[in-house]
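First up is the structure itself, then whatever we jot down about it.
A, B, ... follow the sequence lines: proteins, then strands. Residue 1 opens every chain. As the structure is a prediction and not an experimental result, all values here were calculated from the model.
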There are 2 protein chains.
Amino acid sequence: MRKGEETRTRILDVAEAAVLQKGFGGTSIEELIAETGITKSGFFYHFRDKNELAKALLNRYIENDERIYDEIFSRARDLMDDPLQSFLLGLKLLSELLSDLPNGHPGCLVATICYYERLFDREIQEINRQAALTWRRRFRGMFDEIFAVYTPREQFDVDQLADMVSTVIEGGIVLSKALKEPQSLPGQILVFRSFVKLLFQPVQQARAAS
Amino acid sequence: MRKGEETRTRILDVAEAAVLQKGFGGTSIEELIAETGITKSGFFYHFRDKNELAKALLNRYIENDERIYDEIFSRARDLMDDPLQSFLLGLKLLSELLSDLPNGHPGCLVATICYYERLFDREIQEINRQAALTWRRRFRGMFDEIFAVYTPREQFDVDQLADMVSTVIEGGIVLSKALKEPQSLPGQILVFRSFVKLLFQPVQQARAAS
DNA sequence: AGCAAAACCGTACCGACGGTACAGGAGCGG
DNA sequence: CCGCTCCTGTACCGTCGGTACGGTTTTGCT
């Protein structure tokens, strides 16, 4: 039982790296079992087919993603009392975290699946959609708190504003990968951070705020 | 010669739609020739292998992409004399264009290839990189013009600011696809537009500007 | 220690797919 | 009629996803 989980995890580790580099279609099962050191039978013991592998991979990725967001923004919440300052700090911490990845962000599985939709069943597409909706709720909650304290210089739909966080991250990953400039992603996040700062900056003076 | 080009174009049309829905690995050549109505030999007469198909596909996509950008922003330039107003109008036109697509944006080939990098040769990755750099130059030029007239409320690296346009578009496409909300992408572009407006808005009053 | 379930391995096989090779033919301009 | 472009047809190869199924080791539990 313990052993089984370990092997399963090892398969998922190998698969995740491969899928992020070559996509699902470009990742062969035979290649996975070769690297994992198990046989084909062993693989199909753990996953009925490639679709189930994708599902497990996606669920694990999303879980981990949420954990990281939780850590970063709860730490930011601990350090800053003000919701705006806390959010801005969170973005900074996120940017720093991504900046420290030696080879840049490996890629987002949610995005990978977006560009593969027709290959997977509705269930996986729905998991993907829920992940994006969870991101929206998370950041919407933060913006709601900010709006309770600050008056923005311009009116926005809060959901769209919340989605902007995910948009910048996903887009930043794509651009970073295309340009082969790992530092582009953290940079884009900081640009967005400045925009948010600008949005809630009091009209009069341009000081205050980190 | 004319006939050959026509067939080649038809293959590319079918391939582009398929690749954007299922990725390169998920698109089989046999499926392409079935839909195009030619034989396998016919296909390999036009393209030596899948890699060359990808290259042709990408080049055509980028060309078309550039054409659309040219049209939109040169039209905006004709309608507005001020570089900022012209840029803001361009973003609005872009948003409207994307909003009118019945099934939403089909996806960006540059992004598709990003998530497939290891499958293609360096040449394709370089074409992809150059495309992103061309976007950067395009928007950087616009921001340079704006900076010559306006003083921003916050200092930015101009390249990073220029990249933000591509980031928002690429990220918006991913989010739109993940959420299955076609209107998300044009919405995100408008949010970004507001941010740009905000950035160059004079400190005193919040009127003026579109 | 003994037993059952879990966690594999080995082998054989299938159809689909990417790709190669090569022979040939239709249509067309010169 | 030649030669070129633009294909078709056929045959074949290796890889891959997936199935089937029997056998074996490992593990946890009593």
Response to the item:
Picking from C:dC8, D:dC7, D:dT8, the nucleotide nearest the side-chain atoms of B:His46 would be D:dC7
Worksheet item: Given D:dC6, is OP1 or OP2 found less than 4.0 Å from the side-chain N or O atoms of B:Tyr45?
Response: yes
Worksheet item: Roughly how many Å is it from CD in B:Glu30 to P in D:dC12, rounded to a whole number?
Response: 17 Å
Worksheet item: Counting N and O atoms only, with roles assigned by atom type, does the side chain of A:Ser176 sit under 3.5 Å from a partner on the main chain of A:Leu185, one being a donor and the other an acceptor?
Response: yes
Worksheet entry | Closest heavy-atom pair and its distance - B:Ala76, B:Ser86 | CB-O, 3.3 Å
Response to the item:
dist A:Lys55:NZ -> A:Asn128:CG (nearest 0.5 Å) comes out at 13.5 Å
Worksheet item: What nucleotide, of C:dG19, C:dC9, D:dG17, holds the atom closest to the side chain of A:Thr39?
Response: C:dC9
Worksheet item: Which whole-number value in Å describes the distance from A:Arg8 CZ to C:dC8 C1'?
Response: 15 Å
Worksheet item: Which of these nucleotides, C:dC9, D:dC7, C:dT20, is closest to any side-chain atom of A:Ile38?
Response: C:dC9
Worksheet item: Among C:dC17, D:dC16, D:dT19, which is the nearest nucleotide to the side chain of A:Phe44?
Response: D:dT19
Discussion item. With nearest nucleotide decided by heavy atoms, which residue, A:Asn51 or B:Ser41, maps closer to the 5′ end of DNA chain D?
Written reply: B:Ser41
Fill in: Nearest-Å distance for atom pair CD/C1', residues A:Glu31 and D:dG17
13 Å
Discussion item. Counting the benzene-type ring for Trp, do B:Phe143 and B:Phe139 have ring centres under 6.0 Å apart?
Written reply: no
Fill in: Protein-nucleotide distance (B:Lys40, atom NZ; D:dT10, atom C1'), rounded to Å
12 Å
Worksheet item: What is the distance from CD1 of B:Ile33 to P of D:dC6, rounded to the nearest Å?
Response: 19 Å
Worksheet, complete the sentence: Among D:dT5, C:dC8, D:dG9, the one nearest any side-chain atom of A:Thr7 is C:dC8
Discussion item. Rounded to whole Å, please give me the gap between CZ in A:Phe43 and P in C:dG10.
Written reply: 17 Å
Response to the item:
When rounded to whole Å, the CG to P distance for the pair A:Asp49 and D:dG18 reads 6 Å
Item to complete: Run the ring-centre check on A:Phe147 versus A:Phe156 and record whether the distance is less than 6.0 Å.
Response: no
Worksheet entry | Protein-nucleotide distance (B:Leu32, atom CG; C:dC17, atom C1'), rounded to Å | 12 Å
